[in-house]
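Worth knowing before you read on, the calculation uses all heavy atoms, side chains too, and leaves out hydrogens, waters and symmetry mates. Read the numbers this way: they start at 1 and go in the same order the structure lists the ligands and their atoms.
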Amino acid sequence: MDNELVHLGIIMDGNGRWAKAKGLPRTAGHLEGLKSLKKVVRGAINENIRYLTVYCFSTENWKRPEEEVRYLMALFTNKIYGEIRALGELGVQVRLLGSRDRLPEKALEGLDRTVQETKDNDRLTLQLAINYGGYDEIIRAVNSLIRDGYKEVTCDLIRSRFDNPDIPPVDFIVRSAGEQRLSNFLLFDSGYSEFGFYDKLWPDWDEEMIHVVKQDYLKRTRKFGGLV
Ligand code: IPE
Ligand code: IPE
Ligand code: MG
């Protein structure tokens with residue numbers, strides 16, 4: 001099948017707006033957002049999606065108030081290990097995407113442990129983009145080639161130095177909460193992806209939304225510059 005949805009990318013946006021609408025602190029939106037992530041992972045498994053990349057924290061999100069950044073880092077430290085690892089029982093393999101610089105040691109420890117403990121699972125690969133930026137990804141790859149003495153680069157060479165070069169390029173990038181921009185997500189691999197923007201705030205996403213997303217994708221015709 002030509003347009004099988006193999007790799008879905010999600011820009012999980014709108015946690016703050018969700019909390020504000022309920023008169024809650026922004027952090028409550030992030031906690032609720034983690035619950036949505038778990039539902040969405042189940043939805044992705046139901047829809048036979050093989051790779052799911054979720055944007056959890058961008059290289060630009062360090063600009064947020066210290067208290068919010070600290071809360072998010074604590075979520076990655078204390079919650080991801082337990083909550084996401086539990087998804088391992090569903091056959092989820094967790095991988096990390098992004099720069100390790102600046103991430104607290106404790107968070108890295110828990111994340112690395114989650115990756116290690118789920119490495120043999122093969123139902124769905126969940127790529128967590130944490131401290132991820134598209135510019136940073138390309139720059140890190142090119143710098144690693146320069147360090148190895150390359151004088152010229154190619155697309156394949158650049159891609160070979162990404163964090164998880166075995167994961168195929170993203171087919172469909174969707175964003176919650178209505179904004180229509182990439183915000184530095186998967187700049188290189190989005191060269192020929194399809195895009196979908198949905199008004200629903202991230203904490204309101206669930207399994208059913210992934211069914212909707214998949215149906216929307218199946219209506220697309222992918223041409224990659226050729227003719228069909
Ligand atoms: C997305 O929700 C989560 C992160 C970027 C970490 P936001 O926190 O951006 O929510 P809004 O956009 O302010 O509503
Ligand atoms: C993008 O959302 C980053 C994540 C979802 C982690 P933002 O809310 O940070 O993006 P902008 O600032 O609105 O573009
Ligand atoms: Mg936002």
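- Aromatic ring orientation, Phe185 versus Tyr55: parallel (interplanar angle below 30°, classes split at 30° and 60°).
- Looking only at its N/O/S atoms, Asp13 has OD1 as the one nearest to the Mg ion (ligand 3).
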Between His7 and Asp171, does the side-chain hydrogen bond (donor to acceptor under 3.5 Å, both in side chains) criterion hold? Intermediate values first, please.
CA-CA 5 Å; His7 185 173; Asp171 296 303; over 6 Å; no

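- Ligand 1 lies within reach of His30, whose nearest heavy atom is under 4.0 Å from it.
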Salt bridge (Lys or Arg N to Asp or Glu O under 4.0 Å), that's the test. Do Lys35 and Glu32 meet it? Break it down for me.
CA-CA 5 Å; Lys35 291 187 195 156; Glu32 197 64 23; 3.4 Å; yes

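- Not a single N, O or S atom of Glu179, from either the backbone or the side chain, sits less than 2.8 Å from the Mg ion (ligand 3).
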When you check ligand 2 against the protein, what N or O pairs turn up below 3.5 Å? List the atom names and distances, or just say none.
unit_1: ligand 2; atom_1: 8 (O); unit_2: Asp13; atom_2: OD1; d: 3.2
unit_1: ligand 2; atom_1: 8 (O); unit_2: Arg64; atom_2: NH2; d: 3.2
unit_1: ligand 2; atom_1: 9 (O); unit_2: Asn61; atom_2: ND2; d: 2.9
unit_1: ligand 2; atom_1: 9 (O); unit_2: Arg64; atom_2: NH2; d: 3.2
unit_1: ligand 2; atom_1: 10 (O); unit_2: Arg175; atom_2: NH2; d: 3.4
unit_1: ligand 2; atom_1: 10 (O); unit_2: Ser183; atom_2: OG; d: 3.4
unit_1: ligand 2; atom_1: 13 (O); unit_2: Arg181; atom_2: NH2; d: 2.8
unit_1: ligand 2; atom_1: 14 (O); unit_2: Arg181; atom_2: NE; d: 2.8
unit_1: ligand 2; atom_1: 14 (O); unit_2: Ser183; atom_2: OG; d: 2.6

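- Using a 3.5 Å distance cut-off with no hydrogens or angles, the side chains of Asp163 and Tyr132 do not pair a donor with an acceptor.
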Begin with the C-alpha distance, continue with both residues' side-chain angles, and end with the deciding distance and a verdict on side-chain hydrogen bond (donor to acceptor under 3.5 Å, both in side chains) for Asn164 and Arg95.
CA-CA 8 Å; Asn164 299 307; Arg95 305 279 285 273; 3.2 Å; yes

For the pair Lys39 and Trp205, evaluate side-chain contact (heavy atoms from CB on, under 4.5 Å) and give the outcome as yes or no after the intermediate values.
CA-CA 8 Å; Lys39 293 179 199 161; Trp205 280 49; over 6 Å; no

For Tyr51 and Val170, run side-chain contact (heavy atoms from CB on, under 4.5 Å): C-alpha distance rounded to whole Å, both residues' side-chain angles, the deciding distance at 0.1 Å, then the answer.
CA-CA 8 Å; Tyr51 300 93; Val170 62; over 6 Å; no

